Every structure is written in structure tokens, then in C-alpha cells.
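These notes are about the structure you will find just below.
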Amino acid sequence: MAIEKTFDAAEAEPRIAEMWETDGCFQAGANASKGADSYCIVIPPPNVTGSLHMGHALNNTLQDILIRWKRMQGFDVLWQPGQDHAGIATQMVVERKLAAEGSESRRDMGRAKFLEKVWAWKEESGDTIIGQLKRLGASCDWSRNRFTMDEGLSAAVRKVFVQLFKEGLIYKDKRLVNWDPHFETAISDLEVELVEVAPSKSGGKLWRFRYPLADGVTYEYREALSRDEDGNVTEWSEPETRDYLVVATTRPETMLGDSGVAVHPDDERYKDLVGKEVLLPLVNRRIPIVADDYADQTKGTGAVKMTPAHDFNDFQVGKRQNLRLVNVMTTRAAIWLKDNPDFLEGAEPEADAMALDGLDRFDARQKVIELLDARGLYDGADDNPHEVPHGDRSKVVIEPYLTDQWFVDAHTLAQPALEAVRSGETVFAPQNWEKTYFQWLDNIEPWCVSRQLWWGHQIPVWYGPDGHAFCEETEKEAQTAAKKHYNKKTKVPLTRDEDVLDTWFSSALWPFSTLGWPAQTPELQRYYKTDVLVTGFDIIFFWVARMMMMGKHFMKDAKGAPEAPFHTVYVHALVRDEQGKKMSKSLGNVIDPLELIDQFGADAVRFTLTSMAAMGRDIKLAVSRVEGYRNFGTKLWNAARFCEMNGCARDAKFDPSRVEQSVNRWIVGETARAREACDAALASYRFNDYAAALYNHVWRVFCDWYLELSKPLLQSEEDPTAKAETQATAAWALDQILLLMHPVSPFLTEELWRVTTGEATRKKPLVHGDWPTYSANEFADEDTDEEMQWVIRLIEEIRSVRSEMNAPPSAKVPLVLVGASPAVEARMQRNEAQVMRLARLESWEMKDAAPKGAVAVAVEEATACLVLADVIDVAAERKRLEKALAKAQKEAGGIEKKLSNESFLAKAPLEVVEEQRERLEAAKGDIARLGAALERLAEMG
RNA sequence: GGGCGCGUAGCUCAGUGGGAGAGCACUACGUUGACAUCGUAGGGGUCGCUGGUUCAAUCCCAGCCGCGCCCACCA
């Protein structure tokens with residue numbers, strides 16, 4: 001079968017993908033050797049309605065490399081795929097879609113109908129990402145695909161929730177949470193991102209207000225003008241009689257919910273005011289002045305207004321100081337005063353204040369400043385740029401908000417998860433991420449897992465008429481529990497908790513829920529604990545840490561000890577644009593991996609990402625790199641064509657350890673070295689080293705040298721034995737390349753595997769090829785390596801000289817070797833056809849002296865003299881020789897200096913000293929030969 | 001404020017206690033029917049700065065300068 005002129009990725013990739021799939025090549029255990037160990041990776045589940053971006057492309061390429069590598073090695077491999085329901089993100093997308101279609105809103109249609117719409121959207125778009133992963137070549141066991149809202153995984157969620165509830169590790173609590181006023185739901189700390197706010201009319205400032213003291217109280221106010229090193233005041237300002245306190249705030253509108261003012265107990269300025277009260281402006285509520293360490297004398301005015309219902313710190317202070325919680329906002333962060341009992345109690349709000357009701361918080365902020373200003377209570381403002389929390393999805397300012405929510409006792413669950421990494425049960429690669437992991441888990445806060453959304457796992461809690469919570473996996477069980485609790489025989493009216501769980505709650509169970517848990521399936525027995533998790537560092541907290549917590553809590557090893565979900569967590573970088581910026585739609589710098597695949601083929605995209613996946617560094621992706629690696633694929637393709645044209649057919653009986661020709665012996669050794677390099681790189685997750693080893697071996701070694709050197713053997717009939725051996729060796733070496741390269745470039749290599757069958761047929765597709773195990777110890781030999789290095793060096797030197805002396809490439813020139821030992825002469829004889837062809841020689845001979853008019857180049861112990869033309873450019877040749885001489889002299893000088901240093905000789909390891917001596921000798925030889933050549937040149941005049 | 005990381009060729013990045021590397025870009029030249037998605041040759045770096053450890057530092061340590069990211073109470 002003749003190989004096509006070029007590889008048509010667009011045609012071949014879908015065809016090959018289909019072949020793999022219909023033949024079940026990716027199924028768990030496919031190609032497993034007898035009694036093989038398992039090797040399992042669970043995919044980081046992409047959003048079910050999402051589409052493939054560069055991060056996915058990188059993440060899944062790396063996983064696929066490991067999976068294909070292990071599968072070829074004969075492991076019992078499972079790459080478990082699946083998708084995530086992505087609560088907020090998906091609900092957001094569907095709501096947006098409804099709005100765009102002009103259909104009724106989520107609230108108008110109600111929960112059941114809305115969920116129908118989401119499921120419909122999931123059915124419609126859910127396979128998109130799977131198709132895209134397949135285009136990338138991801139060899140997941142697609143027959144085992146899972147979705148976080150599948151019945152099985154939902155059962156796992158319910159079981160985990162109920163068990164944690166019964167263990168007291170999940171509880172309901174009324175406290176401040178991060179509230180997203182856009183989605184009207186609580187979110188976790190992790191879903192909050194801080195955004196710098198520059199000073200403007202509406203934010204980024206510190207406003208000061210005067211709060212009048214109640215009951216006509218006055219005090220002598222003075223300010224610290226200077227302090228000593230310990231912070232003690234050394235100079236006070238003149239005292240001033242005041243009947244008010246000045247408070248500073250970045251959020252004026254929250255003053256409506258103030259229930260106290262805090263000062264530091266040691267603050268001289270306000271000492272006498274503690275226990276007194278101020279009359280809250282506009283609201284006319286009496287609120288206490290309390291002493292609390294939280295107040296910082298050096299910040300603001302030292303007196304800080306307390307709004308325990310709208311500020312996390314104030315909440316804490318309020319608890320300590322018994323301050324009231326006055327919530328003054330709706331779930332959409334509008335001011336809420338009318339019919340607000342907490343607000344109205346103990347207050348006599350002015351009409352102007354009540355007029356704020358219903359205003360958006362930022363409009364209210366302006367209004368409050370104006371109203372206070374009109375009353376002479378505005379005391380100015382300073383610029384105060386600071387970071388404000390925003391919702392990572394909604395991008396609106398997050399409100400600390402007082403609600404009932406469900407929390408997971410993350411602190412308790414974190415301890416075994418920490419221990420798992422501390423003990424080495426699970427290791428991170430690169431290891432420095434362990435520190436990040438420890439730091440977060442060591443300081444972990446309760447995890448708010450309830451969401452006021454509709455798309456997700458509804459919380460398995462039912463409430464009785466008196467509000468008692470029954471947490472059971474089914475309503476039936478809840479009913480049973482309720483009957484028992486209320487001691488009733490008849491049906492108890494129960495209402496289910498409306499909320500759903502944080503998406504990451506179900507993701508946290510992923511490594512075992514996908515394997516069938518809570519059922520004790522064979523897959524769970526076989527593949528848990530999984531081998532490696534491949535993920536980006538941006539979800540170490542969101543996902544990795546939580547999987548560790550849940551895995552350690554729910555899973556047990558054979559001895560009954562808690563078992564972590566992974567042996568290794570490999571953390572890769574983020575893919576950024578060429579300038580190093582995060583790819584984002586708003587910046588317009590997104591590179592679509594599918595477009596790259598269309599343009600260059602999946603293998604080129606995969607190879608590019610792999611070659612750039614050095615540990616601990618972000619990937620700045622340039623399209624030119626992809627093009628370069630597409631060319632690399634083409635190069636290999638053409639090399640295969642060359643082999644085919646020269647009758648390099650596979651020979652099943654070929655024994656690489658028995659070849660005789662130098663070039664063949666050499667490539668066999670080089671191949672073994674490449675195999676070792678690939679394995680070493682992959683075993684240590686050094687993906688870029690793997691790619692570099694392949695690139696170098698295929699292009700620089702196999703194509704540039706081996707194929708070139710083999711041409712005289714292949715294209716001559718002089719020595720049929722040597723020719724046959726070379727044909728077999730080339731075919732073997734190419735096969736090895738296909739095997740070694742398959743994990744990163746599966747399509748191209750599978751296609752070449754198919755079309756280079758030769759006379760023997762392939763027993764299996766390449767995806768199930770047998771990964772080689774030979775070593776350089778077996779195949780490489782020192783003499784051959786030295787010989788080929790010499791040959792290559794000689795050819796390079798001659799080419800270099802020719803080029804520098806402007807010898808026309810078409811001209812064949814005679815070579816004279818001077819000063820060569822018999823061993824070197826034998827080398828030359830063994831490789832004369834190769835040297836003559838690649839160096840474009842007309843003839844070669846040994847002589848004792850250099851011929852007149854020849855240019856000389858030192859090649860180890862010999863001098864290669866090229867008789868270039870009748871007349872050579874003496875000046876140019878002198879320049880060239882002098883340059884080479886200077887280089888050699890510089891090197892010799894450096895080494896001599898080192899070798900004359902006695903401490904070097906005394907303290908450096910012997911082999912280092914020996915190496916330096918050898919290098920000096922070589923340099924001295926070069927100097928002598930180049931010097932001689934210069935002398936001859938001088939004789940010529 | 002705490003933590004992590006990065007500064008090596010024009011660009012993007014590997015790398016190592018003892019001879020500075022790759023890809024791309026650039027320059028010159030194109031001979032041999034695998035390949036112009038190519039070949040051959042070439043130019044280009046005081047490895048951020050300053051000290052220290054060492055026989056030896058681009059590499060280890062400290063400090064500094066510059067840049068990035070993560071975490072952390074919005075007075």
C-alpha cells in the first residue's frame with residue numbers, strides 16, 4: 001500500500017477515532033496483560049453544557065498520554081469520563097437562553113418547568129463536550145460515562161449528606177454568608193473573588209459621619225499627634241469639647257442597620273464614652289458604645305460603626321458585645337425598611353430614611369451621604385482604594401447576608417485529608433503545591449453547601465410541622481423517622497428543604513461515585529484508589545482538597561483504614577495567551593482548540609501543549625508553535641514514505657541486538673536511549689521532556705542522520721546483505737518511533753502503523769501496541785557510538801568549511817586525511833560511502849602531509865584537508881583558521897588555569913579532573929593542527 | 001499582611017555545582033527525487049543586580065530590584 005503524499009488529518013482523525021471506538025479499544029481493561037495491575041484516572045468532569053477550551057485540551061492531553069502509555073504497557077487501564085452539572089453556571093446559561101428567546105422567566109414558570117428546560121438543554125448540548133474530547137483523541141472509556149446528576153451519583157450524594165448529618169458533620173446554622181444578590185443564593189468563600197475598587201463617587205472611599213451622643217453627653221476630644229516606637233502617644237492635640245462621635249465607613253448605606261459603635265478599650269480618646277449611647281442619625285435608634293479589641297486606634301477615627309447583619313467582623317463583635325442584628329436589605333440587595341420588624345424595633349425613622357426603602361444599595365449609599373450632609377453630620381471623606389468581594393460567576397458585589405444555611409464541618413474532615421499528604425499516602429507533583437494545600441486546609445472554615453438555586457441535588461431534608469429536620473435518603477424514610485419522632489401512626493405532613501447543594505459537593509465524591517459507590521462494585525474494588533489526578537492549580541481548593549476529605553472519610557482500604565482517592569496529584573499550569581494573559585472572552589484573546597485542530601490536526605495541538613507543559617510554569621501559547629509541531633508530524637510522515645520507497649519492510653524475526661552495520665548498530669542504540677528517556681520523563685510527569693526526547697530522536701537523530709547515513713546502503717546493490725539489514729533496521733526503528741510517540745500523537749502514528757504493515761500484518765492496532773522495554777545497556781555499544789560521533793563530526797566540519805569558503809554546494813571535492821591513526825582510517829573506510837555522500841566528496845585518501853592549497857579542519861586526532869579549488873581565498877582561509885584557533889586557545893587557557901589550581905586538583909572529584917585533562921589535550925591537538933595549517937597558508941604567501 | 005512562583009538568545013521557554021541549550025524568528029546558500037510543512041551553514045546571551053558558601057556558581061544561600069499568581073477583616 002503506497003503511503004499518501006501527505007497526512008490528511010481532517011480525513012484520518014475521525015476515521016481512526018471511529019475505529020478505536022467500534023473496536024472497544026478504550027474500554028476498561030482493554031489490552032491488559034494477564035494479572036496486570038490496574039491504572040486509573042478519573043477525568044476532571046467538564047461542565048455538561050460547556051465546550052472545550054485550551055485548559056481542557058492541555059488537561060486531557062496529559063491524561064491521555066499517561067493512559068495510552070500505561071495501556072500499551074499492558075496495565076488494566078480505566079480512564080473514567082464524565083460531566084458535571086455545574087449548578088450556577090448551567091442555571092445561568094439556561095436563564096439567559098430563556099431571556100433571549102423571550103420566554104417566561106425562571107420564577108414565572110416555576111421550579112418543575114424550569115428544571116425540565118434545563119434537562120432539555122442538557123440533553124441537547126450535553127454531548128458536545130464529549131465529541132470535542134474525542135476529537136482531541138481522549139481515550140476515555142466512553143461506555144462508562146457518568147454525569148453528576150445521574151441516579152447513581154445522586155444516590156451517592158444523598159448517602160453522603162445523610163451520613164455526615166447523622167455524624168454531626170453537616171448542620172444548619174443561621175449566620176452571615178457570602179450572598180450573591182444577582183443569583184440570590186449563598187455561595188462559598190471560594191466563589192468570591194476580590195476586585196480592586198478605585199476611588200469614585202460610589203466607592204473606594206472612606207466616609208466620615210458624626211453620630212450624636214444620646215442624653216446630652218459631651219466629652220473632651222483630643223488627637224494623638226505623634227507616637228513613640230511602641231505606639232504610645234507622646235503628643236496630644238488641644239482638647240475640644242464634642243457632643244458626637246465620628247465614625248468612618250466604606251459602606252454608608254449600612255448605617256441603617258447599625259446597632260453599636262466600637263472603640264478600643266485602651267483608646268484614651270473615647271475611654272469615658274464606653275457604656276454611653278449614640279443616637280443613630282436618620283433612624284433615631286439608641287445604640288451602645290462598646291469597648292472591643294477589634295477597634296483599631298490607628299484606623300479611621302478609632303470609632304467604628306457596628307453593623308452585625310452586614311459585615312463579617314461586625315458580626316463577631318456583635319456576638320461578643322450582644323449587639324442586635326438588624327438586616328436592612330432584601331435578597332436582591334435593595335434597602336428594606338418598610339415592614340421590617342428588626343429595623344423598626346426601637347427606631348423612630350425619619351421620613352427621609354423611610355424613603356430609602358426599595359433603593360438599590362449603591363443608590364442608597366449616595367442618598368445616605370446626602371441626607372447626613374444636609375443634617376450637618378457629614379465629616380468628609382478620604383480616598384480609600386480597596387478590594388471588594390465579587391461573585392466569580394455573577395461579577396456583582398457580594399453581600400454578607402444573614403441567612404439559614406447548611407454547613408459542612410470542613411475542619412474535622414480536613415484532618416485526615418491533611419494527614420494523607422503529610423504521610424505521603426498522596427503526593428503532589430510538583431511538590432510545592434503541598435504547601436498551598438496545607439495552608440488552606442489548616443485554616444479551613446465551615447463549608448456552606450446550600451444554594452438557593454434549582455439546578456442541582458436537592459438537599460435530602462424534610463421538615464415537620466414544627467420545623468424539626470429529618471435528614472434521610474428518601475422521603476419515605478423521612479416519613480418513617482417523622483412518625484417515630486412525633487410518635488404518630490398517621491402520615492406526618494413534611495416539606496422538603498428547597499435548597500440544592502453546591503456543585504462541588506457532588507464533585508467531591510467523583511473518584512468513588514463514578515465507580516459505583518455506594519454499591520461495592522467490581523470497578524470500585526479494582527480501580528479505587530486511583531493512580532493520578534491530573535488537574536490545574538486553580539481547583540486545588542474547590543475540588544482536590546474536597547475529594548481528599550470525602551475520600552478519606554468514606555473509603556476504606558483492604559485493612560479497613562481510610563483511603564485517599566489518589567496516589568498522586570499532578571498539578572499542571574494554566575494556558576495563557578502569547579502575552580501571558582489569562583484567556584478570556586472579554587479580552588478577546590481566546591484561542592479555540594477546535595479551530596487549531598481544524599487547522600493543524602489534533603496531534604499537533606497535543607504535541608504543542610505537551611512540549612510546553614513544564615512543571616510549575618504557565619503556558620503561553622503561540623499559534624506558531626502549533627504550526628511547528630504540525631511540521632514535525634509531516635516530517636515523520638515523510639520519513640515513513642522514504643522507508644517505504646526504499647523497501648524498508650517490517651521483519652517479524654528482526655533482532656536489533658544482532659545488526660552489524662555501524663549505522664544500524666548506532667540507531668538501535670539511539671532508539672533504546674530514546675525509549676529510556678521517554679519512560680523516565682513520563683514516570684516523573686515531565687511531559688515536556690518526553691516531547692523533547694521524541695522531537696530530538698525523530699528529527700535530529702532518525703531523519704537528519706540515520707536516514708541520510710542509510711541512503712548509500714539502501715540505494716546500492718553492492719552489498720545485498722547490508723542493504724537487507726538496513727531495510728529491516730529502518731523499518732524496526734520507525735516502528736519503535738511510532739510506539740514511543742503514540743501517546744502524544746495517536747492519530748498520525750496509528751495511521752502510519754496501519755499503512756506500514758509491510759508483508760507481515762499487524763496483530764493489533766497501535767493503540768494496543770506493546771510498549772518496548774529494551775535498554776541502552778542491551779543495544780548501545782561504545783565503539784559504535786564513538787565511531788558515528790566521529791563520522792557526524794567530520795561531515796559537519798567539512799560542510800561548515802565548504803560553506804564558509806563559499807564552495808558551491810554542487811561541487812564535489814577531494815578530501816585528504818592527515819595524521820590519522822590506523823583505527824581512524826578503518827573508521828573512515830567503514831563509513832566512506834556515507835561521508836562521501838553527505839560531505840559531497842569526490843574522493844578521499846590518506847597522506848602524511850597536507851597538500852598545498854587545501855583548507856584544513858581539525859577532527860580529533862586527524863586533520864581533514866579539503867582541496868577546494870585551484871585558487872583558494874587565502875585571506876578568508878586565514879581568518880577562518882585564526883578564529884578557530886582563538887576559540888581553541890581560549891578553551892585551553894581556561895582549562896590550564898583550572899588544572900594549575902592545586903585546590904582544584906586536591907578537592908575536585910577524580911573524574912572531573914580527568915575530564916578536564918582530556919579536554920585540554922583535545923584543545924591542544926586542535927591548536928597544533930590549526931597552527932600547522934596557518935603555517936602552510938603563510939608559505940603559500 | 002501571609003504564601004507560592006518567575007526574571008537564561010529578538011520572541012516563547014528548557015536546563016545543570018565543573019564545556020551556555022531548544023523551538024520560532026533572523027541571515028546566506030540550495031546540491032543528493034522522503035520531506036520547501038524541507039535541507040545545509042551561520043549570527044545572536046557578562047543566565048535580573050549585589051554579596052556569601054565552594055577548588056569551582058547561571059545553578060546552592062542571603063539581600064535587593066522588577067513581574068505574576070494565590071490566600072487574608074470592605075471602618
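Below, chain A is the first sequence line, B the second, and so on; all start at residue 1. Small disclaimer: the values here were computed from a predicted structure and weren't measured.
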For [X], report the nucleic acid contact type (base, sugar-phosphate, nothing); a contact means any heavy atom under 4.0 Å.
X: A:V247; result: nothing
X: A:L194; result: base
X: A:Q916; result: sugar-phosphate
X: A:M306; result: nothing
X: A:W699; result: sugar-phosphate
X: A:P389; result: base
X: A:A295; result: base
X: A:N432; result: sugar-phosphate
X: A:V197; result: nothing
X: A:S800; result: sugar-phosphate
X: A:L920; result: nothing

ask   = Side-chain donor or acceptor of A:T250 under 3.5 Å from a matching atom on the base of B:C74?
value =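 Check passes, donor-acceptor contact within cut-off.
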message = Any N or O donor-acceptor pair under 3.5 Å from the base of B:A41 to the side chain of A:E797?
response =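 Answer is no: no donor-acceptor pair is held.
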request  = Please determine if a side-chain N or O atom of A:W705 lies less than 4.0 Å away from the OP1 or OP2 oxygen of B:G39.
outcome  = no
message = Measuring to OP1 and OP2 of B:G23, would you say a side-chain N or O of A:R700 lies under 4.0 angstrom away?
response = yes
task = Verify whether one side chain among A:R686 and A:Y690 offers a donor that lies under 3.5 Å from an acceptor in the other.
result = no
Calculate the interatomic distance between [X] atom [atom1] and [N] atom [atom2]; express it in whole Å.
X: A:Y695; N: B:C13; atom1: OH; atom2: P; result: 18 Å
X: A:N178; N: B:C71; atom1: CG; atom2: P; result: 13 Å
X: A:F312; N: B:C73; atom1: CZ; atom2: C1'; result: 10 Å
X: A:L574; N: B:G5; atom1: CG; atom2: C1'; result: 13 Å
X: A:N313; N: B:C74; atom1: CG; atom2: C1'; result: 9 Å
X: A:L905; N: B:G18; atom1: CG; atom2: C1'; result: 13 Å

key: Residue closer to the 5' end of RNA chain B, A:Q297 versus A:K907 (nearest nucleotide)   = A:K907
message = With nearest nucleotide decided by heavy atoms, which residue, A:V388 or A:L190, maps closer to the 5′ end of RNA chain B?
response =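 By nearest-heavy-atom nucleotide position, the 5'-most residue is A:L190.
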Plane angle bin for [Y] and [X] - parallel if under 30°, tilted between 30 and 60°, otherwise perpendicular:
X: A:W637; Y: A:F7; result: tilted
X: A:W699; Y: A:F632; result: parallel
X: A:Y629; Y: A:Y695; result: perpendicular

Can you figure out which of [options] approaches the side chain of [X] most closely?
X: A:Y294; options: B:C74, B:A14, B:C73; answer: B:C73
X: A:N901; options: B:C55, B:C74, B:C24; answer: B:C55
X: A:P909; options: B:C55, B:U12, B:C71; answer: B:C55

Can you find a pair of side-chain heavy atoms, one from [X] and one from [Y], that are under 4.5 Å apart?
X: A:Y437; Y: A:V571; result: no
X: A:Q727; Y: A:C648; result: yes
X: A:T254; Y: A:V328; result: no

Would you measure the distance from the [atom1] atom in [N] across to the matching atom in [M] and give it in whole Å?
N: B:U12; M: B:G48; atom1: P; result: 15 Å
N: B:G15; M: B:C71; atom1: P; result: 27 Å
N: B:A9; M: B:A20; atom1: P; result: 16 Å
N: B:A22; M: B:A28; atom1: C1'; result: 22 Å
N: B:G10; M: B:U53; atom1: C1'; result: 36 Å
N: B:U8; M: B:U58; atom1: P; result: 15 Å
N: B:G21; M: B:G43; atom1: P; result: 12 Å
N: B:G17; M: B:C11; atom1: C1'; result: 30 Å

query = A:W433 and ring pair (Phe, Tyr, Trp, His ring centres under 6.0 Å): which partner among A:F537, A:F428, A:F541?
reply = A:F537
inquiry  = To the nearest 0.5 Å, what is the distance between CE on A:M255 and OG1 on A:T307?
reply    =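 That separation rounds to 9.0 Å.
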Distances under 3.5 Å between nitrogen or oxygen atoms of protein and nucleotides 58-60 of chain B:
none

message = Under 3.5 Å for both pairing distances: what stems, at least three Watson-Crick or G-U pairs long, include RNA chain B?
response =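 Ordered by first number, the stems with RNA chain B (at least 3 consecutive pairs each) read B:1-7 with B:65-71, B:10-13 with B:21-24, B:26-30 with B:38-42, B:48-52 with B:60-64.
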query = Taking all atoms of both residues into account, what is the closest heavy-atom pair of A:R837 and A:P712, and its distance?
reply = CD-CG, 3.9 Å
message = Output one letter per nucleotide in nucleotides 28-37 of chain B: B when a protein non-hydrogen atom lies under 4.0 Å from the base, S when only the sugar-phosphate is that close, - when neither is.
response = -S-BB-BB-B
request  = Using side-chain contact (heavy atoms from CB on, under 4.5 Å) as the criterion, point out the one residue from A:D379, A:T249, A:L245 that pairs with A:F209.
outcome  = A:T249
query = Does the pair A:R793/A:E796 count as a salt bridge with the N-to-O cut at 4.0 Å?
reply = no
Electrostatic pair A:D382:A:R208 at N-O distance under 4.0 angstrom = yes
ask   = Within 45° of the axis and under 6.0 Å from the centre of the six-membered ring of A:F600, does NZ or CZ of A:R630 qualify?
value =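 So A:R630 doesn't make the cation-pi contact.
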message = With salt bridge (Lys or Arg N to Asp or Glu O under 4.0 Å) as the criterion, how do A:K395 and A:E193 come out once you've worked through the C-alpha distance, each side chain's angles and the decisive distance to 0.1 Å?
response = CA-CA 9 Å; A:K395 306 296 176 195; A:E193 50 189 31; 3.0 Å; yes
